[in-house]
Amino acid sequence: MRSYSLIAPAKINLHLEIIGDRPDRYHELAMVLQGIDLADQIDINANGTDQFRLHCDHPEVPADESNLAYKAAKLMAQEFPDAFEQYGGANIAIHKHIPVGAGLAGGSTNGAAVLVGLDLIWGLGLTQGELQDLAARLGSDVPFCIAGGTAIATGRGEQLSPLPGLDSLYAVLAKYRSLSVSTAWAYQTYRKQFGDSYPPIAATGSVPGTTPPKQRAHAGEIVSAIMQHDGAKIGKLLHNDLEKVVLPAYPQVTELRETLQQFNPLGAMMSGSGPTVFALAESQKEAEYLQQQIQAALPDPDLQTWVTRFRAGGIQIV
Ligand code: ATP
């Protein structure tokens with residue numbers, strides 16, 4: 001077949017810990033990532049030309065070479081020149097549902113979908129591992145987006161270990177439409193403020209043959225709560241180091257987080273570099289209750305909310 005529609009889910013971070021610096025100037029991270037059922041749709045079809053044509057229905061998303069979906073297509077053409085020559089390029093249409101610059105990996109999941117889509121269209125038969133190796137060259141969150149579900153992510157975020165699925169939990173997401181946070185800004189600001197306390201690079205485990213000292217990574221407790229499928233414990237153990245820089249700079253996000261917390265969810269936290277805040281719930285009913293409460297407490301037309309369910313898989317054919 002030469003035409004596919006793919007579901008590209010967003011993610012939230014249940015744990016985001018900055019361990020220190022790496023020799024490549026990225027941060028060494030320890031994260032727990034969770035796919036959710038808020039998703040973009042990517043339609044991709046072979047166009048028989050030597051070009052990739054991109055269309056996106058969201059005005060803030062660039063439909064040019066800077067788009068991660070376009071970069072993914074170029075990477076595939078570069079890596080598989082014979083298939084590109086035989087089948088040609090593709091038309092790629094992105095239908096955005098995931099808010100942009102929100103800490104939900106919207107761009108990354110679009111890039112992941114294009115890797116999967118071209119693999120299908122060109123009949124390459126790549127394994128998940130091969131797709132994830134390509135994905136790591138596009139961005140740190142892209143490999144996770146291929147497989148989705150629940151996973152520990154270390155290194156820059158590209159080294160993944162799957163965890164048992166949590167797909168009975170729900171997350172209410174809340175984001176001010178007009179606010180977005182640059183991921184690069186958040187990490188750079190963190191380095192400026194806390195870089196002095198980073199351990200020497202060799203101690204982070206970034207140097208081949210070294211392992212990070214156990215006391216530096218604190219993901220163990222939430223990982224065991226996930227293994228036990230204990231929603232209440234997971235909610236209490238949510239953690240995100242980037243809150244230390246994003247919340248002081250964006251008081252609206254702090255207020256949103258504090259307001260959500262007042263309604264006694266399992267837990268509330270900012271996702272990734274923000275500004276989306278999420279609250280966890282055991283059931284759809286509880287999640288809808290939280291959504292109503294937050295909308296009533298902060299009746300601002302700029303505030304968007306979503307009830308989403310945890311999701312088991314990553315990129316999926318419609
Ligand atoms: P992450 O959680 O991976 O850090 P994010 O959710 O914070 O990402 P994105 O929605 O991926 O942020 O967008 C960040 C920037 O990337 C946007 O400002 C946009 O200009 C650019 N971008 C490039 N490609 C895309 C895409 N396909 N979808 C959304 N944004 C894209």
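For ligands, and for the atoms within them, numbers begin at 1 and follow the listed sequence.
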Fill in the blank from the handout: Looking only at non-hydrogen atoms, the one of Ala69, Gly101, Ala113 nearest atom 14 (C) of ligand 1 is Gly101
Handout entry: Within-shell test, Lys11 vs ligand 1, heavy atom, strictly < 4.0 Å
Key = yes
Handout entry: Contact check: Gly107 vs ligand 1, nitrogen or oxygen atoms, below 3.5 angstrom
Key = yes
Problem - Which residue and heavy atom of the protein sit nearest atom 7 (O) of ligand 1, plus the separation - result: Gly103 N, 2.8 Å
Handout entry: Pair Arg309 + Asp167, salt bridge at N-O below 4.0 Å
Key = no
Fill in the blank from the handout: So the atoms of ligand 1 within less than 4.0 Å of a heavy atom of Ser108 turn out to be 3 (O)
Handout entry: Between OG1 on residue Thr276 and CZ on residue Arg257, distance to nearest 0.5 Å
Key = 14.0 Å
Problem - Neighbour count >12 (heavy atoms, 6.0 Å) for atom CD, Glu221 - result: no
Completion exercise
Nearest non-hydrogen protein atom to atom 2 (O) of ligand 1, with distance, is Ala105 N, 3.0 Å
Exercise for the section: Classify the contact between Lys96 and ligand 1 as side chain, backbone, both or neither, using a heavy-atom distance cut-off of under 4.0 Å. Expected result: side chain
Handout entry: Proximity to ligand 1 by part of Ser66, non-hydrogen separation under 4.0 Å
Key = backbone
Exercise for the section: Answer yes or no: does an N/O atom from Leu104 fall short of 3.5 Å to an N/O atom of ligand 1? Expected result: yes
Practice task
Quick one: pull up CG in Leu115 and CD1 in Ile315 and give me the separation to the nearest 0.5 Å.
Solution key: 8.5 Å
Handout entry: Shortest protein contact, atom 20 (O) of ligand 1 (heavy atom only)
Key = Pro62 CD, 3.5 Å
Exercise for the section: Kindly check if the number of other-residue, nucleotide or ligand heavy atoms within 6.0 Å of NZ (Lys74) is above 12? Expected result: no
Problem - Protein residue, atom and distance nearest to atom 24 (N) of ligand 1, heavy-atom basis - result: Leu68 N, 3.1 Å
Exercise for the section: Mark the output for Gly272 as yes if a heavy-atom distance to ligand 1 is under 4.0 Å, and as no if none is. Expected result: no
Problem - Top protein contact for atom 4 (O) of ligand 1, by heavy-atom distance - result: Thr183 OG1, 2.7 Å
Practice task
Count the heavy atoms belonging to other residues, nucleotides or ligands that lie under 6.0 Å from OH of Tyr190, then report whether that count exceeds 12.
Solution key: yes
Practice task
Check ligand 1 against Asn110 and write out every atom of the ligand that is under 4.0 Å from a heavy-atom position of the residue.
Solution key: 26 (C), 27 (N), 28 (N)
Exercise for the section: Measure from NZ or CZ of Lys244 to the centre of the six-membered ring of Phe194 and say whether it is under 6.0 Å with the direction within 45° of the ring axis. Expected result: yes
Problem - Within reach of ligand 1, part of Asn67 (heavy-atom separation under 4.0 Å) - result: both
Exercise for the section: Measure the CG-CG distance between Asp300 and Leu298 for me, rounded to the nearest 0.5 Å. Expected result: 7.5 Å
Problem - Check: Asn47 main-chain N/O paired with Asn91 side-chain donor or acceptor under 3.5 Å - result: no
Fill in the blank from the handout: Among Val100, Ile12, Ile92, the residue with a heavy atom nearest to atom 17 (C) of ligand 1 is Val100
Handout entry: Atom pair CG (Leu29) and CG (Asp241), whose distance is rounded to the nearest 0.5 Å
Key = 9.5 Å
Completion exercise
Exactly one of Glu28, Arg191, His27 clears side chain to side chain donor-acceptor pair (under 3.5 Å) with Tyr198, and that residue is His27
Fill in the blank from the handout: atom 3 (O) of ligand 1: closest protein heavy atom, distance to 0.1 Å, is Asp141 OD2, 3.0 Å
Practice task
State whether any protein heavy atom lies less than 4.0 Å from atom 27 (N) of ligand 1.
Solution key: yes
Problem - ligand 1 to Glu60 polar contact by distance, N or O atoms, under 3.5 Å - result: no
Handout entry: Parallel, tilted or perpendicular, as decided by the 30° and 60° cut-offs, for the rings of Tyr70 and Phe52
Key = perpendicular
